[in-house]
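Note that this is a predicted model, so its numbers are computed, not measured. Atoms within each ligand, like the ligands themselves, are counted from 1 in listed order.
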Amino acid sequence: MVWAVIRKTPAERAGATLKDYDAEASRFSWAAARAELAGLPGGGLNIAHEALDRQVAQGRGGQVALRWIGRDDAIREFTYAELTAEANRFANLLRGLGVAKGERVYGLLGRTPELYFAALGALKAGCVFTPLFSAFGPEPIRARMEIGEANVLVTAEALYDRKVAPWRGELPSLRHVLLTDCKAAPPPGVTALEPALAEMPTAFETAATRPEDMALLHFTSGTTGRPKGAIHVHEAVVAHHITGRTALDLRPGDIYWCTADPGWVTGTSYGIISPLTNGVTLVVDEAEFDAERWRRILREQQVAVWYTAPTAIRMLMKAWSQDPRPYEAPALRFMASVGEPLNPEAVVWGVEAFGRPFHDNWWQTETGGIMIANFAAMDIKPGSMGRPLPGVTAGIVERGADGSVREIEAPMGMGELALRPGWPSIMRGYLHEEERYRKCFAGGWYLTGDLAMRDSDGYFWFVGRADDVIKSSGHLIGPFEVESVLMEHAAVAEAAVIGLPDPVAGETVKAFVALKIGLEPSEDLRRELLGHARKRLGAAIAPKDIAFRQNLPKTRSGKIMRRLLKARELGLPEGDLSTLESEER
Ligand code: ATP
Ligand code: MG
């Protein structure tokens with residue numbers, strides 16, 4: 001199937017924040033982007049100051065900044081002025097405890113308001129903030145806190161008791177633990193957060209951070225192996241701010257829902273920082289995914305811009321196959337997706353279910369912000385990640401054995417996706433892994449580790465992670481292409497494809513498939529899927545074998561762990577599983 005281009009209407013183009021891609025890209029400068037922000041006196045820059053104080057100073061103090069929906073549907077709202085006050089209280093608490101600028105504050109919380117106070121307050125105090133998934137077990141928490149030499153941990157009592165208290169004494173850098181929801185008097189060495197915050201003044205002079213001061217330490221998703229700690233600085237806010245407007249179409253006053261957990265980079269860059277610097281009202285749902293609940297939030301909260309992920313979209317599609325009621329989301333204007341390749345099937349399903357397509361965009365923990373995107377004013381080629389952001393130069397390159405790097409100019413030539421360093425949110429290092437960091441750069445490029453192609457219109461097409469690409473009888477096969485074809489079949493909810501060693505072909509393609517609700521695996525269905533793939537892809541690329549699975553193994557940020565499927569298939573060690581989500585769901 002060749003997917004038809006989804007054309008944007010003249011009205012859609014005229015209404016978008018980025019109306020004319022070519023014109024905007026040619027006149028873009030990061031210096032001009034920086035000039036939109038306030039900065040601190042004396043040339044300083046602070047992410048939280050731009051997200052909060054700048055908005056209040058510009059008269060946005062009375063607008064709701066954060067609308068939090070509790071698991072039980074209770075709603076708590078904080079205006080820009082109130083959120084600033086809460087962040088200030090948190091910053092004052094850190095100061096009162098003697099926590100200095102540059103010290104590391106970790107957040108291990110569900111999606112609660114306190115997490116937002118802590119992230120923003122820590123940044124205001126000039127500390128480095130690191131979010132962790134609250135669903136991590138004790139080991140991944142401990143490993144990340146040891147690597148980052150955590151000084152302060154903000155968490156909930158229940159999480160602390162189970163996951164941190166047993167080993168806390170073995171982490172000497174950890175001086176303070178701040179606990180939310182303390183039922184009784186906190187144990188020694190621990191501060192109950194809410195009462196302590198209540199006593200703090202609501203004014204705070206933001207620490208005099210410099211643009212190059214470390215602000216965030218983000219661990220990667222661990223999809224390909226042991227997670228890396230990517231260092232980001234305050235200057236990243238320039239990219240967070242501009243890319244929110246250009247790639248997510250954010251406008252002041254919009255109601256915006258980012259479904260990513262702040263435990264990974266999307267939930268911070270686009271779940272906290274970018275929406276606030278862009279003056280939107282942020283909707284945060286404490287509860288886990290639930291198709292019916294999400295349908296309700298989109299409608300009741302009047303969400304205008306929605307940023308989600310392929311895994312969630314595929315789960316919604318799964319639910320839809322049982323119950324295909326169109327979504328009532330009258331305020332919805334723009335839907336975007338990130339984190340994994342978005343199958344063309346899912347892009348087009350958006351049109352069917354919401355009356356508008358999903359806009360895929362691409363970036364990584366290391367890039368700190370969106371790098372390649374389908375923009376609101378741009379026609380969508382389903383299956384493509386779109387075009388580089390204004391200010392970002394992307395290329396397809398080939399690394400030679402001698403370490404040289406050559407750009408592949410020919411349209412649809414496959415190679416490694418590379419970016420020219422120079423955008424403000426590029427990582428400044430992998431913590432304690434200097435050599436690994438250095439290896440990401442060659443020939444004036446930052447090398448992403450992903451394979452892609454660029455077509456003659458300048459659209460980029462994801463092929464697969466370099467580690468996941470399959471070499472079979474002289475063909476290079478990207479798992480995404482094969483998975484997308486399997487997804488076209490009405491019975492398939494999710495698919496993952498790996499290469500298995502083969503004495504003749506080098507590797508053969510094996511697929512793992514999860515079926516839609518209510519369907520049972522059968523030999524007939526297996527044969528039908530193999531036939532469908534062969535017809536669409538040809539015998540050289542189609543899977544030789546298909547196995548059915550109830551669920552596919554994923555990271556907590558929702559990425560399919562192909563390496564784990566492969567290790568299990570080959571009986572090899574499973575490697576670092578610290579980010580593996582429970583496979584029950
Ligand atoms: P690790 O580096 O530890 O293996 P990870 O790469 O999954 O983990 P992240 O930085 O969270 O950690 O994810 C970035 C990666 O996710 C990208 O390099 C790419 O492989 C994938 N990705 C993100 N967005 C897209 C997209 N729109 N299309 C295809 N792949 C995407
Ligand atoms: Mg990665």
Side-chain angles (χ1 to χ4, degrees), residues 131 133 140 143-144 147 216 218-230 232 247-248 260-271 307-313 336-344 346-347 358-374 380-389 394 416-419 425-427 430-431 433 436-437 439-440 446-453 459-469 478-481 483-484 496 553-564 575-581:
F133 272 103
R144 284 161 182 73
I147 294 171
L216 297 156
H218 276 300
F219 288 91
T220 60
S221 291
T223 315
T224 54
R226 192 167 51 80
K228 299 146 273 190
H232 289 286
L248 298 180
D261 190 277
W264 70 297
V265 71
T266 303
T268 309
S269 294
Y270 296 98
Y307 196 20
T308 188
T311 308
I313 297 170
S337 164
V338 72
E340 276 209 304
L342 186 65
N343 314 90
V347 177
F358 285 101
H359 295 73
D360 185 25
N361 58 53
W362 177 97
W363 58 292
Q364 312 176 299
T365 310
E366 291 86 341
T367 70
I370 301 171
M371 295 284 109
I372 296 180
N374 285 286
I380 294 182
K381 302 187 187 189
S384 161
M385 336 193 260
R387 299 176 73 186
L389 266 78
E416 187 166 356
L417 176 61
L419 304 161
S425 63
I426 187 171
M427 68 164 165
Y430 285 133
L431 193 69
E433 294 192 87
R436 198 168 187 181
Y437 172 67
K439 282 195 181 139
C440 297
Y446 162 69
L447 302 159
T448 67
D450 285 344
L451 297 188
M453 304 181 291
Y459 282 62
F460 282 75
W461 299 77
F462 183 80
V463 172
R465 291 164 184 271
D467 290 3
D468 290 338
V469 169
F480 176 47
E481 182 186 10
E483 290 160 8
S484 289
K554 298 198 193 78
T555 65
R556 295 216 166 269
S557 51
K559 295 166 198 282
I560 296 174
M561 289 173 102
R562 294 176 190 79
R563 70 164 159 106
L564 182 56
D576 185 302
L577 297 185
S578 59
T579 62
L580 178 68
E581 190 191 41

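Of the protein's heavy atoms, Thr223 OG1, 2.4 Å lies nearest to atom 7 (O) of ligand 1. Ranking protein heavy atoms by distance to atom 6 (O) of ligand 1, first place goes to Arg465 NH1, 3.0 Å. Of the protein's heavy atoms, Thr365 OG1, 2.5 Å lies nearest to atom 10 (O) of ligand 1. Gly339 O, 3.3 Å is the protein heavy atom nearest to atom 22 (N) of ligand 1. Closest to atom 18 (O) of ligand 1 among all protein heavy atoms lies Asp450 OD2, 2.7 Å. Residue, atom and distance of the protein heavy atom nearest to atom 29 (C) of ligand 1 are Pro341 N, 3.1 Å.
For ligand 1 and Lys559, the ligand atoms under 4.0 Å from any heavy atom of the residue are 7 (O), 9 (P), 11 (O), 13 (O), 14 (C), 15 (C), 16 (O). For ligand 1, the atoms lying closer than 4.0 Å to a non-hydrogen atom of Gln364 are 10 (O), 14 (C), 17 (C), 18 (O).
For Phe480, no heavy-atom contact with ligand 1 is shorter than 4.0 Å.
One N or O on the side chain of Thr367 and one on the backbone of Gln364 form a donor-acceptor pair closer than 3.5 Å. Under a 3.5 Å cut-off, the side chain of Arg562 and the backbone N or O of Ala496 do not form any donor-acceptor pair. Not one N or O on the side chain of Thr223 forms a donor-acceptor pair closer than 3.5 Å with the backbone of Met561. In this structure, Ser269 contributes its side chain and Gly368 its backbone to a donor-acceptor pair below 3.5 Å.
Taking only nitrogen or oxygen atoms, main chain and side chain alike, Gly222 reaches within less than 3.5 Å of ligand 1. Some N or O of Ser221 is nearer than 3.5 Å to an N or O of ligand 1, by distance alone. The N/O atoms of Ser557, backbone and side chain alike, include none that comes under 3.5 Å of an N/O atom in ligand 1. Taking only nitrogen or oxygen atoms, main chain and side chain alike, Arg226 does not reach within less than 3.5 Å of ligand 1. Residue-to-ligand polar distances keep Pro227 apart from ligand 1: every N/O pair is separated by 3.5 Å or more.
Atoms OG1 and CD, from Thr555 and Glu340 in turn, are 7.5 Å apart once rounded to the nearest 0.5 Å.
With respect to the salt-bridge test (charged N to carboxylate O, under 4.0 angstrom), the residues Glu433 and Arg226 qualify.
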